[in-house]
> 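Mind having a look at this structure? Questions to follow.
Everything numeric here is computed off the predicted structure, so don't read it as measured data.
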Amino acid sequence: MSEAPKLAIKEVYLSERAVKLRLPFQFGSTEVRETAEKYCEIVAEIGGKRVQGFSAQLMVPRWFDKRAGLTNEDTIDALRQTVVAAVNVATGAGQSGSVASLSSTIRAAAPKLMSADMPKLAAGFGPALLEMALIDALCRHTGLPFWKAAAEDIFGFGAHLPADLSSQDFAAVRATIKAPSTIALRHTIGFDAPLVEKPADAPADGQPVTLAEVIARTGIKAWKIKLKGDPEADSARLLALQTVLAGHMDGGITLDANEQYTPDSFRLLLRRVAAPDLAELAGRIRFYEQPFAREIALQTPADFGVPIVIDESDDSLDAFAHALALGWAGTSIKSCKGVLRALINMARAKANGALISGEDLTCQPGLCWTQDTAMAAACGVQDIERNGHHFAGGMQGASNAERVATLSAHPDIFLQDNNGIGLDIQNGRVAISSLNQPGFGSSGALMKQTN
């Protein structure tokens with residue numbers, strides 16, 4: 001496509017749905033038991049016609065924003081503020097342009113309407129939510145599924161490439177994008193997730209609780225293990241996990257420290273992991289994710305002898321380029337950080353022989369899940385971290401009509417379970433061919449009650 005279509009943002013509607021977790025989960029230094037999912041509807045005008053676009057994201061406490069002294073609720077409120085700021089920019093001046101130019105404008109201007117100490121990662125949440133809805137609107141207008149729209153760059157990102165990425169490299173990687181078919185899941189094992197024995201207060205909903213039950217029910221063979229930042233405690237946990245995961249690690253292991261290590265303590269962990277008693281699990285480790293706090297990570301050369309990738313440090317368009325210059329092995333992609341940034345970082349990874357990983361355990365069944373997965377599949381990730389259905393799930397807050405419409409639109413992805421809507425996981429994979437329809441992971445029957 002020679003020139004990307006231009007959109008004019010006419011209206012934006014927001015809503016929320018409360019989400020209660022069936023199992024508590026540790027995010028770094030906090031335990032999460034409840035939060036909310038944010039929904040956005042954009043009404044855009046394209047070529048004289050009006051079209052709707054939808055998006056959804058879970059507001060995760062104390063991941064985007066780890067400022068000292070803030071409660072879980074404080075950080076959720078901060079994310080709400082980023083959405084309001086993005087909407088005010090989008091609607092305040094009759095914004096018009098390609099998806100890429102609109103997204104760039106919103107990302108640049110919205111932080112000026114936020115508190116001065118808002119972390120960049122959090123500040124990007126609202127702009128990312130609007131960007132996703134714009135992508136959906138344009139995909140609906142053109143009748144293209146996301147993968148095809150990305151391959152053709154109808155979003156206009158080719159005109160907004162960062163200096164380190166050539167148009168030839170971007171075009172070459174877009175040519176590799178294929179229609180979605182199936183995707184492997186990587187299950188996250190939390191700090192205190194039960195391994196074999198159920199806790200006394202485990203929900204009696206027929207869904208897996210222990211790691212052993214997850215293995216038996218899903219056939220998953222790729223795992224993400226959360227670390228505490230304590231070399232001795234983490235190595236002891238890995239030793240226990242090695243026993244339970246034995247024979248079920250063909251998809252490999254990734255380790256996520258959520259910014260809790262210092263470089264010196266990380267070296268201690270690596271020495272412990274290299275000990276003979278952890279050889280079976282250690283031989284399956286693919287990479288370590290964001291071991292260091294974002295304040296120091298991109299000042300730290302990656303000279304640890306193992307692949308390390310950024311996640312929380314990926315808070316701007318140039319962050320991955322900076323990490324590559326320091327020898328980091330790759331980056332994660334998440335729709336909550338930016339879909340267009342994910343496409344750019346996919347191209348960077350290909351050009352530099354680096355890793356690109358799909359990391360977002362919080363995606364709830366429904367629109368949030370389908371959009372993030374459509375993005376990850378287009379970017380060609382090996383597997384995708386998925387736990388939203390395990391810790392919460394069920395499309396909480398959705399009407400029965402929306403649940404029925406979701407099952408109808410995506411019968412390969414979702415099924416009815418005791419919590420409402422769950423994932424149809426077969427041998428560790430989910431079929432996703434139904435994402436090959438117009439729109440960004442959505443269908444015309446969904447999200448009618450957003451406004």
Side-chain angles (χ1 to χ4, degrees), residues 1-6 97-108 111 120-121 123-124 127-128 131-132 134-135 138-139 144 146-178 287 289-290 294 297-302 307-360 372 374-382 440:
M1 183 172 291
S2 58
E3 185 176 358
K6 289 182 170 53
S98 68
V99 170
S101 65
L102 286 171
S103 178
S104 179
T105 296
I106 295 169
R107 284 185 179 277
K120 287 199 296 184
L121 188 65
E131 178 185 271
M132 294 165 64
L134 286 168
I135 288 171
L138 185 54
C139 287
L144 295 176
F146 173 75
W147 75 271
K148 187 69 171 174
E152 296 182 6
D153 191 28
I154 68 169
F155 311 126
F157 216 80
H160 295 265
L161 296 178
D164 64 297
L165 185 63
S166 72
S167 57
Q168 292 83 3
D169 283 340
F170 187 55
V173 78
R174 287 192 289 106
T176 67
I177 298 175
K178 296 179 173 60
F287 59 80
E289 183 184 343
Q290 191 77 34
R294 67 193 77 174
L298 294 187
Q299 302 170 23
T300 305
I308 57 175
V309 306
I310 60 170
D311 183 19
E312 287 94 335
S313 287
D314 180 25
D315 59 9
S316 65
L317 189 59
D318 61 353
F320 185 28
H322 191 173
L324 288 171
L326 288 169
W328 288 64
T331 189
S332 71
I333 55 170
K334 298 180 178 180
S335 54
C336 63
K337 295 193 292 188
V339 173
L340 297 183
R341 187 192 303 167
L343 295 172
I344 290 294
N345 283 345
M346 170 184 65
R348 280 179 168 141
K350 293 280 187 182
N352 290 276
L355 298 171
I356 195 86
S357 66
E359 310 290 338
D360 202 338
D372 193 81
M375 177 201 72
C379 289
V381 299
Q382 176 175 331
F440 180 29

> Testing the basics here: between Ile344 and Phe170, what is the closest heavy-atom pair and its distance to 0.1 Å?
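Ile344 and Phe170 have their closest heavy atoms at CD1-CE1, 4.0 Å.
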> Using the test side-chain hydrogen bond (donor to acceptor under 3.5 Å, both in side chains), find all partners of Ser316 that sit at least two apart in sequence or belong to another chain.
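Checked Ser316 against side-chain hydrogen bond (donor to acceptor under 3.5 Å, both in side chains); matches are Asp318.
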> Looking at Asp153 and Gly158, would you say the former's side chain and the latter's main chain have a donor-acceptor pair under 3.5 Å?
yes
> How many angstroms lie between atom CG of Asn345 and atom NZ of Lys337, to the nearest 0.5 angstrom?
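The NZ atom of Lys337 is 8.0 Å from CG of Asn345, to the nearest 0.5 Å.
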> Check Leu144 against Glu152 and note the closest heavy-atom contact, atom names and distance.
CD1-OE1, 3.8 Å
> List the steps, then state whether side-chain contact (heavy atoms from CB on, under 4.5 Å) holds for Ile106 with Glu131.
CA-CA 9 Å; Ile106 295 169; Glu131 178 185 271; over 6 Å; no
> Please find the pair of heavy atoms, one from Ser313 and one from Arg294, that lie closest to each other, and give the distance.
OG-CA, 3.6 Å
> Got a second to check how far Thr331's OG1 is from His322's NE2, nearest 0.5 Å?
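If I round to the nearest 0.5 Å, the distance is 13.0 Å.
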> For His160 and Ser98, work out which heavy atoms get closest and say how close.
NE2-OG, 4.3 Å
> Please report the interatomic distance OG(Ser103) to CG(Leu134), rounded to the nearest 0.5 Å.
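Rounded to the nearest 0.5 Å, the OG-CG separation comes to 7.5 Å.
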> Ignoring hydrogens and angles, tell me if any N or O in the side chain of Gln290 forms a donor-acceptor pair with the backbone of Asp311 under 3.5 Å.
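Judged by distance alone, yes, a pair lies under 3.5 Å.
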> Tell me the closest heavy-atom pair linking Ile333 and Cys379, and the distance in Å.
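Result for this residue pair: CD1-CB, 3.7 Å.
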> Hey, does Leu317 have a side-chain heavy atom less than 4.5 Å from the side chain of Arg107?
no
> Please check if the side chain of Arg341 supplies one atom and the backbone of Asp314 the other of a donor-acceptor pair under 3.5 Å.
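Yes.
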> Taking Thr176 for its side chain and Val173 for its backbone only, find out whether a donor-acceptor pair lies under 3.5 Å.
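Side chain of Thr176 to backbone of Val173, a donor-acceptor pair under 3.5 Å: yes, one is there.
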> Applying side chain to side chain donor-acceptor pair (under 3.5 Å), run through Ser101 and Lys6 and close with a yes or a no.
CA-CA 9 Å; Ser101 65; Lys6 289 182 170 53; over 6 Å; no
> Can you measure from CD (Glu359) to SG (Cys336) and round to the nearest 0.5 angstrom?
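Those atoms lie 11.5 Å apart.
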> Let me confirm one number: the CD1-CZ distance from Ile135 to Phe155, rounded to the nearest 0.5 Å.
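Between Ile135 CD1 and Phe155 CZ, I get 5.0 Å after rounding to 0.5 Å.
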> For residues Pro5 and Ile154, report the shortest heavy-atom separation together with the two atoms involved.
CD-O, 3.3 Å
> Test Leu343 against Phe157 for side-chain contact (heavy atoms from CB on, under 4.5 Å), laying out the working first.
CA-CA 9 Å; Leu343 295 172; Phe157 216 80; over 6 Å; no
> If we ignore hydrogens and angles and just use 3.5 Å, is the side chain of Trp328 paired with the main-chain N or O of Phe320 as donor and acceptor?
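No; judged by distance alone, with no hydrogens or angles, the pair does not exist.
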> To the nearest 0.5 Å, how far apart are CE in Met132 and CE in Met375?
8.0 Å
